[in-house]
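The first residue of the sequence shown is numbered 1, and numbering continues consecutively from there.
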Amino acid sequence: MMSQQKLYYGKDIEVMFNSEICTHSGICVKGFPAVFDLSKRPWVNPDAAPAEEIARHIDKCPSGALTYKRLDTENSLKKEE
C-alpha cells in the first residue's frame, strides 16, 4: 500500500501529513487555524506563522500524522517514526 503522505513547502519549515495514520482529533485545525485550515487549498500554509510555533503545535499531534522538517535551524528534523 502506498503512503498517503503529502508535503507542504514553506520558507522555514516543511510540513508532512500522512492521512493513513491521522485519527482526526482536530488538534491541528482547532488549535492553529492560521496554518491548518480545511476550507482552503492547500489546507496547510507553512508560511502563515513562525516555524518554531508551527513545530511546537505539530508536536501536539496525537497520531503522529503531522511531522515537519525545520529549514531555519541546524537540528532541523523532527524524529519521524
Side-chain angles (χ1 to χ4, degrees):
M1 185 182 267
M2 289 184 61
S3 174
Q4 295 298 314
Q5 185 156 308
K6 291 199 169 210
L7 181 57
Y8 300 91
Y9 298 94
K11 183 174 67 98
D12 295 326
I13 191 169
E14 292 177 354
V15 176
M16 285 76 72
F17 173 67
N18 186 336
S19 63
E20 290 181 351
I21 62 173
C22 180
T23 58
H24 306 287
S25 70
I27 289 174
C28 54
V29 293
K30 292 174 192 166
F32 213 159
V35 176
F36 303 99
D37 186 345
L38 293 174
S39 69
K40 294 184 179 176
R41 293 293 175 259
W43 74 280
V44 178
N45 181 355
D47 290 327
E52 184 175 328
E53 290 179 27
I54 295 171
R56 206 170 23 247
H57 191 71
I58 287 173
D59 288 339
K60 298 175 187 175
C61 178
S63 67
L66 286 168
T67 56
Y68 60 86
K69 180 179 179 186
R70 296 281 300 267
L71 305 174
D72 61 340
T73 62
E74 201 168 300
N75 296 328
S76 63
L77 191 58
K78 176 189 176 193
K79 66 179 194 290
E80 294 186 53
E81 299 161 27

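When the side chain to side chain donor-acceptor pair (under 3.5 Å) test is applied to E52, the partners found at least two apart in sequence or on another chain are R56. D37 is linked by a side chain to side chain donor-acceptor pair (under 3.5 Å) to S39, counting only residues two or more places apart in sequence or in another chain.
Although no hydrogens or angles enter the test, the distance criterion places a donor-acceptor pair under 3.5 Å between the side chain of D47 and the main chain of K11.
Smallest separation of non-hydrogen atoms from G64 and I21: O-CD1, 3.6 Å. In terms of heavy atoms, V35 sits closest to A49 at CG2-CB, 3.8 Å. Heavy-atom minimum distance, G10 versus L71: O-CD1, 3.5 Å.
Here the CD-SG distance, from Q4 to C22, works out to 12.5 Å after rounding to the nearest 0.5 Å. To the nearest 0.5 Å, the span separating CE on M16 from NZ on K6 amounts to 15.0 Å. Taken to the nearest 0.5 Å, the OG atom of S19 stands 7.5 Å off from the NE2 atom of H24. Put simply, OH on Y8 and CD1 on I13 are 14.0 Å apart, with the number rounded to the nearest 0.5 Å. Note that OG1 of T67 is 10.0 Å distant from CD of E14, once rounded to the nearest 0.5 Å. The structure places CD1 of I54 at 9.0 Å from CZ of R70, a figure rounded to the nearest 0.5 Å.
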Please set out all donor-acceptor pairs under 3.5 angstrom arising from side-chain atoms of residues 27-34, sequence neighbours excluded.
none

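A heavy-atom distance below 4.5 Å is found between the side chains of F36 and I58. No side-chain heavy atom of V15 sits under 4.5 Å from any side-chain heavy atom of L7.
Using cut-offs of 30° and 60° for the angle between ring planes, the W43 and F17 rings count as perpendicular.
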